[in-house]
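Have a look at the structure below, then the notes.
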2 protein chains.
Amino acid sequence: MLRTHTCGDLRIDNVGEEVILTGWVQRLRDKGGMLWIDLRDRYGITQLNFEEGHTDQTVLDAARNLGREYVIKATGKVIERFSKNDKIPTGDIEVKVTALEVLNPAKLPPFLIEDETDGGDDLRMKYRYLDLRRTPVRKNLELRHRMMRETRNYLDGLNFIEVETPVLIKSTPEGARDFVVPSRMNPGEFYALPQSPQTFKQLLMVSGFDRYFQIVKCFRDEDLRADRQPEFTQIDCEMAFITQEDILNTFEGFIRHLFKEVKGVTIEELPRMTYADAMKLYGSDKPDTRFGMQFVELNDVVKNKGFKVFDDAELVVGINAKGAAGYTRKQIDELTNFVKRPQVGATGLVYARVQEDGSVKSSVDKFYSPEDLQAWATALNAAPGDLILVLAGAADKTRKALNELRLEMGEQLGLRDKNVFSPLWVVDFPLLEWDEETNRYHAMHHPFTSPKPEDLALIKTDPGAIRANAYDMVINGVEVGGGSIRIYDRELQAQMFGLLGFTPEEAQNQFGFLMNAFEYGAPPHGGIAFGFDRLCSLFGGADSIRDFIAFPKNNSGRDVMIDAPSPIANVQLEELSIDVKKKA
Amino acid sequence: MLRTHTCGDLRIDNVGEEVILTGWVQRLRDKGGMLWIDLRDRYGITQLNFEEGHTDQTVLDAARNLGREYVIKATGKVIERFSKNDKIPTGDIEVKVTALEVLNPAKLPPFLIEDETDGGDDLRMKYRYLDLRRTPVRKNLELRHRMMRETRNYLDGLNFIEVETPVLIKSTPEGARDFVVPSRMNPGEFYALPQSPQTFKQLLMVSGFDRYFQIVKCFRDEDLRADRQPEFTQIDCEMAFITQEDILNTFEGFIRHLFKEVKGVTIEELPRMTYADAMKLYGSDKPDTRFGMQFVELNDVVKNKGFKVFDDAELVVGINAKGAAGYTRKQIDELTNFVKRPQVGATGLVYARVQEDGSVKSSVDKFYSPEDLQAWATALNAAPGDLILVLAGAADKTRKALNELRLEMGEQLGLRDKNVFSPLWVVDFPLLEWDEETNRYHAMHHPFTSPKPEDLALIKTDPGAIRANAYDMVINGVEVGGGSIRIYDRELQAQMFGLLGFTPEEAQNQFGFLMNAFEYGAPPHGGIAFGFDRLCSLFGGADSIRDFIAFPKNNSGRDVMIDAPSPIANVQLEELSIDVKKKA
């Protein structure tokens, strides 16, 4: 080693020792007679001390010539500090330097290597290797490492076996768009990168590996939204000879283990909510249950009083923003504008304040008597000081809009604390969802999800009403994981493909290997996959996943640091038997 | 759970318990009055017992209708066996079945699901999900899992942090051929799949993560030899603020840990051998040191005695096959044919037997006196009963050929025991190797490898003689890992690219991000990567890596189970702005 200790090691007990430290120059303070350097590495910061008259003059001169981010090797003696720094673990000591070597000089970095940097997003991404030197970013990756480790510890302890599934697989048009890889050895043919190891993990169940997991890269060639990456990491799991109950229990244990070991947070038993209830009470299949503010349906309370908007609405539904009666007209106008934005899509917002004296004052007083409004307050369990917010319209659309409003109110009222964690299971998802665009059913989870046996009879009459043995784990309004019990019967799987618009030939061509496998003794099985990047950002208390990925891509799918993707040589195209299309 | 126990759980202590088991029907023996089923899962085999007159008739009938590989659920009571089976851990007991449910029937598998199967390679790969049910294949994947776990335990314990590097990166023509991925969002541009995370791990060192590792998929689009896969797994490691000595010690500790924890084998300190010595003594940079039979150069001993073949040869070199003097003429003819095969490339083989009386009898007796031949025996330290084998010709070619002969003799003499492990370090590799075809230097390890400082002066005069700070770990003749100390200075890196035939523009275009990074404070660093598939097969005592990969590809890069690669839809090509070239 070039060093005897790291910059996080030395304590008062080391005083008197000769040490060698290496690291980066974080800061240099030159007070004339005294000069101090903060030397930084991954483990911490240690102060180096140089003193006019005591330190060798060449060493002192060398120190004065150092710049920020120079890589140096400093030899010296540990001494007790005159003025201690209780903010850092090495703050009791400093190293009186006797020899100094510049291992590598550094140009001035394009942004400050500090917790709060002056670098914008683009600059930080271009010089990601410098951005990663910053403590908050480094801590994110350290957190990620610990989460990986604890994931493996938990699952390994339960006899799960980690199996690597292939990355070069077969393109299947179902689901999102595949990234593909031309095969040189098989001209005109392509591999696809996996969107998930779904079929492989099911085959492993057919193989008898009854508890599988993998922390694995997956790929989706989608238009990227703010917080999506073309390559992302999943904790992928599958079990055989189980029921849904076993999976929920196993992975409830998993998340509790992670919270305990990584964050020291104890999580109680996870509540379970049906998809139907989640939609009814929160307008979302991923409710943020850190706060209540549940939806209350008001059709029975508000209709037939002459207010046409409510009378004509399929659904009138409200929330109680507790303690927000003091909202000003301006604030309420802003909320109205918020719900009317196209992304939210409501046509207007009705509100009612419960005053100090218990009376209720609404924006639609001319249609509703004080008694009518008391009935609103009763329905919403609103007390003096509370603000009732009501939306009306087509049921699904209105619930969706009220979900947005509820989250916004939660935000404004400080109810969405990043240090509070509220996980739950959402269960009993619909098997199918109707797609207006293509005029056919899509699989809500994926085509391998098992219908609930008791709903199977609906397959001919009302497929949209079939519930699936599918479940999501939701934490703080984020879907962190989802899974299902799988079909393991060839006939049912074929029927499912049929419902999804596959011809038997297409089904056989794309998924024949799986359906064939079901004929050779497939056990009942099911599983779950967690979005690992998202889980890390949630544990890290951040909104964006990007800072939990060492080398992320931007919204155009580019790595701006290495400048990828990029054109390739003609000889490469030639060998791959492909041409790049000329622009029209 | 559908079961109370696995098929590996039950012991004599469980006698009397009501249990539920699930699994696959391995074997059914029907003796009329009695019927036994071996029920199999990942954990073992448990015998089920059905008895005419005792077992319910419908259960008995159901049992009689079961076939091989049916998936069943059996409920019953654990009883002590009448005739015990000490070959399996559950052999003291059986389960007297009271209820039986077929969870899934099975067609007759296309090959036997037994340790020794009748399935050929093609059939096994097509039905890999059935092949994986076989105990030896399952044990391979279990071994792989344990090796992954112990790798992580060791490195995590030393403060290494696992960081996931990107899979969608940039194509670089240096090295092997890249797999590429067309970018839909950036028409005409391509990502490449990584051949290794080399540049990223170096950037992580620049970032200050001074101990990195990753167990990671890598990709090479090479023509596949018997035991290569287009996607393979590496244990990839890098350290900063270290010397070569630190890396050798750290990863010597790693391999000893793996042997200890996974195989219970204690490995002594690893010997170190220079590349020059390895070539001289074994004719290979990956010597199999499970046995001696080192090369002895005979130029001084054999020349100028009138034997033109030896007199004209650049190098005459021999090995002593101890105890092989009894080889028949036919056996020696076979060895001669072996060395004359084009893959080995020798022109002939000279041999000499040391007889019981100490006299030496050679195939070239007419040129050499008995005293001359005694000098051979002395040089080779050959005793009565030993067989001396000698090759002659151009030095490099002859060493290469004798290496093959030595390995063959080791095999024939039983000196290459799969249960003996002989690891060593080979160090001081040349920095460059001359490529006759392209008439230029290639990097022997890769372009980022640091020359030895003391050899740097040769860069202008004799680049081929420069030694690198590069090292391989070799076990039993297999290179399991290799690495180097890296360049961390922009100028030296630019010079290196120049030596390798890059123009400054090409170097900047392809590796500018790395050279730029070296200007912002890059620490001294180096690393190593282990071929994980190969390491697993070595630990498993197998020659092929294929059975240590869950879903391998064949020699044409095809996954015959899922039938990939395959043509993709025109709409996909359209979106990716590429065309498939028509065949000429």
Side-chain angles (χ1 to χ4, degrees), chain A residues 1-3 22 24 42 69 71 104 106-107 109 129-130 132-133 145 161-163 166-171 179-181 183-186 188-191 203 206-208 210 217 221 231 241 246 513 517 519-523 550-551 556-557 561-562 564-568 577-581, chain B residues 1-3 22 24 42 69 71 104 106-107 109 129-130 132-133 145 161-163 166-171 179-181 183-186 188-191 203 206-208 210 217 221 231 241 246 513 517 519-523 550-551 556-557 561-562 564-568 577-581:
Chain A
M1 298 286 165
L2 300 185
R3 61 192 174 201
T22 57
W24 286 263
R42 172 185 152 198
E69 301 304 317
V71 184
N104 218 345
K107 294 206 298 200
Y129 48 87
L130 298 179
L132 288 171
R133 283 188 194 160
H145 170 72
I161 172 169
E162 186 161 12
V163 179
V167 176
L168 297 171
I169 66 166
K170 181 172 174 166
S171 187
F179 282 106
V180 299
V181 181
S183 167
R184 180 180 55 86
M185 288 204 276
N186 304 276
E189 301 193 330
F190 293 77
Y191 302 99
L203 290 176
V206 176
S207 299
D210 58 16
K217 277 279 177 77
D221 184 11
E231 54 178 296
F241 300 116
D246 300 313
F513 62 95
E519 296 191 309
Y520 287 100
F551 300 102
S556 318
M561 179 185 73
I562 62 171
S566 62
I568 59 173
S577 308
I578 57 171
D579 274 327
V580 169
K581 268 190 194 150
Chain B
M1 299 287 166
L2 300 187
R3 62 190 172 201
T22 57
W24 286 264
R42 173 185 152 198
E69 300 303 317
V71 184
N104 218 343
K107 294 207 297 200
Y129 47 86
L130 298 180
L132 288 170
R133 282 188 195 161
H145 170 72
I161 172 170
E162 185 160 13
V163 179
V167 176
L168 297 171
I169 66 166
K170 182 173 171 164
S171 187
F179 281 105
V180 300
V181 181
S183 167
R184 182 180 54 86
M185 288 204 276
N186 304 274
E189 300 194 333
F190 294 78
Y191 302 100
L203 290 175
V206 176
S207 297
D210 58 15
K217 276 280 176 80
D221 185 11
E231 54 178 297
F241 299 117
D246 300 314
F513 61 95
E519 297 191 310
Y520 287 101
F551 300 101
S556 318
M561 180 185 72
I562 63 170
S566 63
I568 59 173
S577 307
I578 58 171
D579 274 328
V580 170
K581 267 190 193 147

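The analysis underlying the following values was restricted to heavy atoms, covering all of them including side chains, and did not include hydrogens, waters or symmetry mates. Keep in mind that this is a model prediction, so the values were computed, not measured. First the proteins, then the strands, lettered A, B, ... as listed; each starts at 1.
Under the 4.5 Å side-chain criterion, counting only non-hydrogen atoms from C-beta, E519(A) is not in contact with N104(B). For the pair L203(B) and F551(A), the minimum side-chain heavy-atom distance is below 4.5 Å. Proximity of F179(A) to L168(B): side-chain heavy atoms (C-beta onward) are separated by under 4.5 Å at one or more points.
Put simply, of R133(B), R3(B), K217(B), the one with the most heavy-atom pairs under 4.5 Å next to chain A is R133(B). When V180(A), I169(A), L130(A), V580(A) are compared by the number of non-hydrogen pairs under 4.5 Å with chain B, V180(A) comes out ahead. Taking chain B as the reference chain and counting heavy-atom pairs below 4.5 Å, the highest number among G521(A), A106(A), S171(A), G208(A) is found for G521(A). Most heavy-atom pairs under 4.5 Å with chain B, from the set A517(A), G557(A), G188(A): that is A517(A). Annotation: maximal heavy-atom pairing with chain B below 4.5 Å, among M561(A), E231(A), E69(A), occurs at E231(A). Each of A564(A), P166(A), S556(A) has some count of heavy-atom pairs under 4.5 Å with chain B, and the biggest count is that of P166(A).
For a residue to count as touching a neighbouring chain, one of its non-hydrogen atoms must lie under 4.5 Å from one of that chain's; by this rule D210(B) touches chain A with backbone and side chain alike. Contact of K107(B) with chain A is made through backbone and side chain together, with heavy-atom distances under 4.5 Å. Only the side chain of M185(A) has a heavy atom closer than 4.5 Å to any heavy atom of chain B. Interface residue S566(A): backbone and side-chain heavy atoms are both found under 4.5 Å from chain B.
A distance of 4.0 Å separates CG in D221(A) from CZ in R184(B), rounded to the nearest 0.5 Å.
What you find for K581(A) and D579(B) is that their closest heavy atoms are CE-OD1, 3.0 Å. Between P523(B) and V71(A) the shortest heavy-atom distance is CA-CG1, 4.1 Å. Between Y191(A) and P565(B), the shortest heavy-atom contact is CE2-CD, 3.5 Å. When every heavy atom of H145(B) is checked against every heavy atom of E162(A), the shortest pair comes out as ND1-N, 3.0 Å. V163(A) approaches A550(B) most closely through the heavy-atom pair CG1-CB, 3.5 Å. The nearest pair of heavy atoms linking E189(A) to P567(B) is OE2-CD, 3.8 Å.
Using bins of under 30°, 30° to 60° and over 60° for the plane-to-plane angle, the ring pair W24(A)/F241(B) lands in the perpendicular bin.
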